[in-house]
Structure formats: structure tokens, C-alpha cells
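Just so it is clear, the values below take in all heavy atoms, side chains as well, and ignore hydrogens, waters and symmetry mates.
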Amino acid sequence: MGELSKSKPELYEEIRQLRDELASAHQAKEERTAELYRSEERFALAMRGANDGLWDWDLTTDEVYYSPGWKSMLGYCENELESHIDTWATLVHPDDKDVVLANVQDYLSGVNKSFEVEMRMRHKDGNYVFIRSRAFKVSNSTSSKPNRLIGTHVDISLRKRTELYDERNAKILEMIAKGTPASEIYDEIAYLYEERHPGLRCSMLELDGNVLRHGGAPSLPQAYCEAVDGLNNGPDVGSCGTSTYTGHRVIVENIETDPKWADLKGYALPHGMRCCWSEPIKSSSGKVLGAFGMYYDHPAVPNEFESNDLTLAARLAGIIMERDHNQKRIKNLAYKDELTGLSSRAHLFLSVQNIIDLPTQDTERFSLLYIDLDNFKSVNDSLGHDIGDLLLKEIAQRLLSISRDVDIVARLGGDEFCIAMNDIEDSIDTAHVAQRCLDIISEPVDFFGRKFRPTCSIGIARYPDDGTDLQALLKAADTALYAAKDLGKYRYAFYKEEFTNNAEYQFRVEQYLREAIENHQLNLVYQPQIDIQNGEITGVEALSRWNHSVLGPVSPLEFIATAERIGMIKPLTEWVLKTACRQAVAWRKAGYPSIRMAVNISPSHFLDDDFIPLIQSILDETGMVPTDLELEVTESVVHTDQKNLFIFRKLKELGVLLAIDDFGTGYSSFASLKHLNVDYLKIDKYFIDDMLDDKKTELLIGSMIEMGHNLNHEIIAEGIETAEQLARLREFGCETAQGFLFSRPVIAEEVSDLLKQHVVY
């Protein structure tokens, strides 16, 4: 009855309290149920795979439970790693992260019905572990939207490495079958075993005689590979040098302390290489071909797994090395002459055909020298074929000694040889090589006390002048060879007679010029230089002349170029300078007015280190007044190069005058002239000839004279032949003129007569 006496508000409050108590009890029950459910899930997962790593990701908070097994799989203890999704994000391989997250999203959104991915995660030791992850999503009782993702991690590294090993092994076998270059296969073998053993670095060295050659080592530093390339093997030459020397495996646990590495550890230790195990690479017959090396960045000896792989790696590398050696041997048999070691006929023909088919800038023209020994049959008949073979070997070595790397020297068979010469500018260059062949082959040879002097004849064909295909060239060279034989042997002949005549003439010029320079058989003439305003002689240009008893008069353009080519320009210039300076001193002593003596200097000699001392010596020896000597150089030396500037400066310190010859015909820049202290600019005859007939030329001459004056240079115009030219130059303000209008180049006595007149016009 008491309960019924309560008021309605009181009853409502009690009902509300009871309802809240029931709700709280229900919520607590649900939480206990959920926690029990989670524990049951984790327990069930753990029971399904005792070795699996369990994870539980709360999608609303990004908190993640990582089981002890999950952490242990990556090398961490139970109390390490934070329980957050960022922990996983920092450990997963960067290339795999986005892929995994995309799979998570597809599973949570229902695009995929299940979740299973493979990824790489970084172990605590720095290496990556292959992981397979599976998971299922969980929703709370009030929502269908997943709020948790629960899954496992399984370490599948062994299986993945086996798969990668099989894939790389198949790839290597395919490369072998396709004939891929050995160096590329060596790199693949290295990668194969480096993937199986994280932290390992592999190397393959080939044995060439007793020399170690780099084969492949894609993960080793280039500096180390270069250091060991070319080392001789031996009983204490590192691991690989020792294993190739002994033919047995060499295990070096610690490079720093092992005596075999005493001389080499300085190359290895800076790159973190601390141990090295080497297995000799052998052929199927047991011959040592090289060595396979394995390196770690810590001292160690191989475990059973690593030891077996070292053996397998060396065997695999041996297949490639033996294949490569066999291919090289086959190629040598096809492309090398077995007796002499020169290129074979087949190799020559193939190489020449390639040059024709695939021309480059250096092979647009080339020459074939067809060489045949004179009277070789008599050597075989009188001394025997063994001596004949020795002679052929000797001839081969002599031909190689005078050839360049770009040339192909071949033995065609018997006593016939051929040289294919690339990058030959003209027939004179070819003739020089042919003459060297004649000279070197004819040097005496002594076999077993029998001394004789072999000789040869040479036929020369040039591409494309004498043929545009291989057969035409060979036929032309063979025809030229018979022409050389018909002319008396021990000589060369071009396919075209005029080339032979030109080359023979050039050789005579070279021979006689060398003698003429050495014996001072040239002579000087002098062409006066005239002051345009008053007609007085202010200087002369010394010009060399050569009139040979056999050749007759030889053009200066020809013999000066020849002197340059045969290396005689220095003694020629020295003779001209001394002779000219002595003559200038003689005129001064005879009481004639002081005049300049101009001498042309070769650009190559002008820039030579001994040029400044030569000028000083000649000035001292002859008593020449430095300011009376004018050195003329062409525009080719007018550059702002420091060496050029130094030479110009030193010459001016000596007091000599400097002139830029043939100004306007070369490629000098005004910027270069700004830096050079020169006295004269000589305008070339090329401009003077057209000055009165071509308005542009006249403007150019006027501009050059004005520019020269603005740069404080006096102007000398050469090649003046008419009074009209002289008058126009006077209007332009040109100071000095030189040319036939005043005098041709004359001997010293005639210059003396002109000096007596004081004025020339």
C-alpha cells in the first residue's frame, strides 16, 4: 500500500533510474562480449598459425595491435615499436606501400571480396623480408561499416628468393642460349646470388695468362674494380689471385688481418669490404679460367648455404667463360692468320667491306697497300720452309711496327700482305707509308748465321678514286703491284701513273730539300718596302729561294710546305734569320740608312718553346739592332691563348717589331688584336688586286686601314703593281707599300744599289 501512496513524479524518477541501470548493465555486457570476441579472434588466429604475426587495426583511431610474433618476424622485441599504423608505414618498402593501401581500400569498400597481398618489410638489420598478409574486416553491432581490420603476416622470404632464383636462373640460361655478351651475363649471375644472400656482393675475374681481368661486379665500387684489373695472380694476391694461382677455394675471414690481402686491403677496406671467399672458375677440362668472389661488409666464413652457392656460382660462371673462350678461339681462327698473328684474308675483306658500307668522316677515303715479297720462293728453296716461315713472321712484326691502330694489317696468303689505311688525306701520305714499308722490310735479317736482305714491291689503290667496291679495289691494287714489279721491283706504284709520278717527285723534293737546308744551299732575295709619302726604302722582306741542279727552280710555296711536313722548318727559319740579320748589319756598317728586315715565321715554329731563346741568340750573335728586325706571322697565331700572349710579350721585351701577315685572309678577331702588342698589319695582295674594280673590296681596305690606325698599328700593303693602286692607298693613309711597282725581290747587291738612290719613285 506504501508503494501506491507515492506520487507520479516519484514513480517516474524510479522508472528512469531503473532504465539507466539496465542500459549501463547492457553496455557493460556488450563491452565484455566484444573484448571476449576480440580475444577469441586473436586466439583463433594465433591457433591457426603459431608462426604467423598477428595485427589488429582500429580503423577509427589508426591504433594497431602488433603481436610479439609480428615484431619478432622483423627482428624486434615485444616492447619495441609503437602501436600505430605509422609503424607499418615506416617499415614497408616504399615501392609496395601504395599498392598495399590500395588493396586495403578495395577490400573495405567491397570491390574485392578478400584481402591478401605480398610486400617487403624492412628487418631491424636493414634487409628486407618478404611478407604475405591476409585479413578480414570486422563491424560493430550497430553499423555495417567496418571499424577494424584483423590479419596475419607470414614470412615467405625463402619461397620468394627461390622463385627469384629460378627466374634469374632461367633468364641467365636464356641469355647464354642467345649469345648475350659475357659481361652482361656476369652481372646477372652476381645479382642472382646477391638476392639470395642480403648484404653479399659478388665479383667475377677472368684469367688472361697470369693476369686478372675484370669480368663483372655490378655492386662493387668502380674504383676497386679498376684497382684489381690487371693484377698478376700469385700465392698471396688476395683471395681471387690466390685461388686462380692454386686452383683451390680460398676463404679469407678478415681482409684487414689476412696476409694474402696485405698489399690489396687498402683498395677493399675503404669500400666496406671485410671478408672475401673465392672459388676458382674452371672449364669442363679443369683448366682455371678465373675466379668467383663473394664479399661481405663484416668478417665471416660461409655457412653451408653460402658455401654451396659459391660452388654453384663458379660453375655457372664457368659455362659462360668457357663459351666465351671458345668463341674467341673460333673467331681468331677465322680472323687471324695462324702463322703471323695478323688479320686473315677473310677479316681484311670483311673490314674493308664494312668501311665501304658504313663510311665515317675518317673513312670517306682510304688506301689499300698490296705487298708482295720479292724472290721469296728462293728463300724457301735455298733455306727451307721453316726459315721462310720465320721470315714471314718477321715481316709481319715489321709491318705492325709502322702501322697505326686504325690500320688493318693482314696476310693474304703465301708471301702476300695487305694494309688498309684509314684517314689518309692524299696520295703523298700513302706514299710515305709505302716508302716506310720498303725501308723497314729491306733491313737485314739473320737466321742461324745466314744474313740476307729481303725486299718487297707494293701496289696501291685508293678508295673511291680507283674503285667503289671491294673487288674493284683489290683488282686495282693487284694491277698496281704488277706495275711495280715491271718497273724493277723494290718499289711502289699507284694504280694511276700520275700518282706514282707525283709521289716520286715529292720524295725527291724532300730528299734534296733536307740536303739543301743542312748544307745551306738555299739563297735569299729581298723585296723593298717603300714609304708611300716620300718614296724612300724603309725596309725589306727576306724571301728564300731554291734553285736545284736537278729539280730546277722550286716554288717557295712548295718547298716551305715540304719543310713543314718533314720537320725541317726550324733549321730553315734559323738559317734565314741569321742570313738576313747579317745582311742588315752589313748594310748598316756600309753606311746605308737603317732599314727594317722583315722575316716570315712559321706558326708552328713561332709557338715553339725554343723560339724566344733562338731570337735572343741570333740578335747577340749577329749584332742586329732589335728594332730593325720585324717578324711576320700569319693570323693563325693571333689568339688570346696565354701561350700566344706570352710569346708576343717576350718578343716585345726583346725590342723586335711584330707584323700580322696576310691580314684579312684568316680568322683572327678584333678581340684578339686588342690583347696583342703588334706594330704592323700587312694587307694581302688578294685585296689589292681587286681594289680598283670592286667597291666592296675598296671599302674593306679602307676599313682595315682605319681600324689598324685606331689600334695604333701601321699598315703595310703588299702586291702593289700600278700607280693607281698606290694613289688610292695614299688617300687611305696607308704608310708603307711593297710590290712589283717598286721592285721585284732582288739579291742583296741590287738592294744596295737601290739604297744608294734613297728614293725608288
Subject >> Distance-minimising heavy-atom pair for V352 and A420 >> reply: CG2-CB, 4.1 Å
Original post:
Out of curiosity, N422 CG to F366 CZ, how far, rounded to the nearest 0.5 Å?
Top reply: 7.5 Å
Original post:
Just how far is it from atom CG of L348 to atom OG of S343, taken to the nearest 0.5 Å?
Top reply: 7.0 Å
Subject >> Exceeds 12 heavy-atom contacts within 6.0 angstrom, atom CZ of R315 >> reply: no
Original post:
Taking atom CZ of R168 and atom CD of E188, what is their separation to the nearest 0.5 Å?
Top reply: 5.0 Å
**OP:** Answer yes or no: is there a side-chain heavy-atom contact under 4.5 Å between Y76 and L91?
**Re:** yes
**OP:** With rounding to the nearest 0.5 Å, note down the distance linking CD1 in I355 to CG in L350.
**Re:** 10.0 Å
Original post:
Given the rule in the side chain to side chain contact (heavy atoms under 4.5 Å, CB included) test, do N112 and N103 qualify, once you have shown the distances and angles that lead to the verdict?
Top reply: CA-CA 8 Å; N112 292 336; N103 274 272; 4.2 Å; yes
**OP:** Cation-pi check, K137 to F115: give yes when NZ or CZ is under 6.0 Å from the six-membered ring centre and within 45° of the ring axis, no otherwise.
**Re:** no
Original post:
Can you tell me if NZ on K124 sees more than 12 non-hydrogen neighbours from other groups inside 6.0 Å?
Top reply: yes
Original post:
Looking only at heavy atoms, which two atoms of S157 and F130 are closest? And how far apart?
Top reply: OG-N, 2.9 Å
Indicate every side-chain donor-acceptor pair of residues 256-269 with a distance under 3.5 Å to a residue at least two apart or in another chain.
unit_1: D258; atom_1: OD1; unit_2: K260; atom_2: N; d: 2.9
unit_1: D258; atom_1: OD1; unit_2: K260; atom_2: NZ; d: 3.3
unit_1: W261; atom_1: NE1; unit_2: S239; atom_2: OG; d: 3.0
unit_1: K265; atom_1: NZ; unit_2: E256; atom_2: O; d: 3.1

Original post:
Where do S283 and H325 land on the side chain to side chain contact (heavy atoms under 4.5 Å, CB included) test, with the steps shown first?
Top reply: CA-CA 10 Å; S283 68; H325 282 222; over 6 Å; no
Subject >> Expected output: side-chain R249 to main-chain S307 donor-acceptor under 3.5 Å >> reply: yes
Throw together a table of side-chain donor-acceptor distances under 3.5 angstrom for residues 172-184, partners on residues two or more places apart or in other chains.
unit_1: E174; atom_1: OE2; unit_2: K178; atom_2: NZ; d: 2.9
unit_1: T180; atom_1: OG1; unit_2: M175; atom_2: O; d: 3.2

Original post:
Counting only heavy atoms not in E163, do more than 12 fall under 6.0 Å of its CD?
Top reply: yes
Original post:
Between atom OH of Y66 and atom OG1 of T87, what is the distance when rounded to the nearest 0.5 Å?
Top reply: 4.5 Å
Original post:
What's the spacing between R134 CZ and H153 NE2 if we round to 0.5 Å?
Top reply: 12.0 Å
Considering only distance and modelled atom types, tabulate donor-acceptor pairs under 3.5 Å from the side chains of residues 290-297, sequence neighbours left out.
unit_1: Y295; atom_1: OH; unit_2: Y224; atom_2: OH; d: 2.9
unit_1: Y296; atom_1: OH; unit_2: E306; atom_2: OE2; d: 2.9

Original post:
Can a salt bridge be assigned to the pair E167 and K171 using a cut-off of 4.0 Å between side-chain N and carboxylate O?
Top reply: no
Subject >> Non-hydrogen atoms of H214 and D229 that approach each other most closely >> reply: N-OD1, 2.8 Å
Original post:
Is it true that E118 and R132 make a salt bridge, defined as a side-chain N closer than 4.0 Å to a carboxylate O?
Top reply: no
Subject >> Q353 atom CD, neighbour heavy-atom count above 12 within 6.0 Å >> reply: yes
Subject >> Whether over 12 other heavy atoms sit under 6.0 Å from Y245 OH >> reply: no
